[in-house]
Visitor: 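Just dropping this structure here.
Side chains are part of it too, since the values below use all heavy atoms of this structure and drop only hydrogens, waters and symmetry mates. We name chains A, B, ... by the order of the sequence lines, and we start the count at 1 in each one.
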Amino acid sequence: MSFAAFGLVWGWLTDPANWTGVEGIPARVLQHLGYSGLALGVSALIALPVGLYTGHTRRGSLMVVSLANAARALPTLGLLVLAVLLSASELVPVLVPLVALAVPPILVNADAGVRQVDPDVRDAAFGMGMTGWTVLWRAEAPVALPLILLGLRTAAIQVVATATIAAYVGVGGLGRYIVDGLDNRDYARVGGGSLLVVALAVLVQLVFVLAERAAVPAGVRARAPSST
Amino acid sequence: MAEGEPLIRWDWLARNAARIWALLAEHVELALVPVLLGLVVAVPLGVACTRWRWLYPPALTATTVAYALPAIALFGLFLGVFGLAKPTVVVPLTLYSLSVLLPAVVDGMRSVPDPVRQAATAMGYGASRRLVQVELPIAAPVVVAGLRVATVSNISLVSVGALIGIGGLGELFTDGFQRAFPTPIVVGIAAILLLAFAADLLLVVAGRVLTPWSRGRSSR
């Protein structure tokens, strides 16, 4: 960024007026986190059980792979505007694309995580007398935890990004600064909003990485395969 | 949206075919150039990372961080550097492509079995000839897999550029939304999905053509 542009953005970021009120930065951050958290929660609720199931029963691998590939190609902006145009309310149509784009990473990684569990672990669990559901819950899922959490982290990044774009269709959040700034040719606002989104994305990443460190036992972490 | 508005008006599609083709061409350019640029950077960088292992962790971290940043935010930041021009979209997408292609090149290079490298050296191949004629061809399938992911992702991400007016087929989304007219949006989504599917298929075929030895073995 040129010095002049950076100066303008810095001016915008340090202006106290931008930190107060309904359109202030803290309010927008909370909105953004609110939408993102809600979408992530709903996606996890849908995707985790399905992914754990297909991984454990080793069924549906074709569906999982197709889902992964299709999800990569779906254009976020297109889904958002179509959903809003086709419905009457404001929140629900935005949630649908947010959830639709977050489900695949969670599902695919949960499936892969459970599938990649060492067969000896499954054998031992069955040998100890555990039945299917218990094997999944007490033996496979803990070993699959690194990949499950990676899927959640990937989905979180996707959701934060989509929620930013969702400002185009009228919702709040940090994307508002970018979209409104572009409308008004206020490029200081665009730059400031972009920097804030970047900071938020990095923070979300950090939170998930720390959660992974905290939740995954050292022994499991040492054997963890790398990302999907 | 207007009452009884159908999801897709075929007459609109017919009348605007020329414009859609132009947008498609722009879309292809905006999606492919970053992949090619990413490849041009990833191959030498990846080879260097296999040769000097300490290079890989910082390089990987840098590109992974870039990958986690929302595209729209990167477009917004690079607006301050390039203004409302194509590089504002191409540079961030190149960073995204790089974050996929660098691990692909490194993993591909690492998949070359050591005995094969040693045999080549024993046969008198110099380091650069060995790289080009032995190691890179063996690494090719992994790199092609990375190219597929990068290309499909880019084709989808280019449409976000419509928010700054440089979005190829994405302009159909902003156009349709501003006029409360779903036809361009549906056409845009379908076109992008078809484009992604076609590009993926082309890359699979290209991969098969580049590795004739893998086909030979499976036909036995």
Visitor: So do Ile178(A) and Ser194(A) actually touch side chain to side chain, heavy atoms under 4.5 Å?
Guide: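 When only atoms from C-beta onward are counted, Ile178(A) and Ser194(A) do touch, with a gap below 4.5 Å.
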Visitor: Could you look at Val158(B) and say if it's the side chain, the backbone, both or neither that has a heavy atom under 4.5 Å from chain A?
Guide: neither
Visitor: Is chain B contacted by the side chain of Leu74(A), its backbone, both, or neither, given a heavy-atom distance below 4.5 Å?
Guide: both
Visitor: So what's closer than 4.5 Å to chain A heavy atoms on Leu163(B): side chain, backbone, both or neither?
Guide: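 Both backbone and side chain.
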Visitor: Are Tyr168(A) and Phe177(B), when compared by the centres of their aromatic rings, separated by less than 6.0 Å?
Guide: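 Under 6.0 Å, so yes.
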Visitor: Just give me the residue among Thr174(B), Leu169(B), Leu157(B) that pairs up with chain A most often, heavy atom to heavy atom, under 4.5 Å.
Guide: Thr174(B)
Visitor: Using non-hydrogen atoms only, which part of Leu172(B) is less than 4.5 Å away from chain A: side chain, backbone, both, or neither?
Guide: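 Nothing of Leu172(B), per the 4.5 Å heavy-atom cut-off to chain A.
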Visitor: Roughly how far, to the nearest 0.5 Å, is the CD1 atom of Ile165(A) from the CG atom of Leu77(A)?
Guide: 6.5 Å
Visitor: Tell me, side chain or backbone of Ile189(B) under 4.5 Å from chain A's heavy atoms, or both, or neither?
Guide: both
Visitor: Is it the side chain or the backbone of Ala73(B) that comes within 4.5 Å of chain A heavy atoms, both, or neither?
Guide: both
Visitor: Output the distance between atom OG (Ser36(A)) and atom CG (Leu98(A)), rounded to the nearest 0.5 Å.
Guide: 7.0 Å
Visitor: Kindly indicate, with the supporting measurements, whether the criterion salt bridge (charged side-chain N to carboxylate O under 4.0 Å, His left out) is fulfilled by Asp175(B) and Arg19(B).
Guide: CA-CA 12 Å; Asp175(B) 190 28; Arg19(B) 179 174 158 231; 3.4 Å; yes
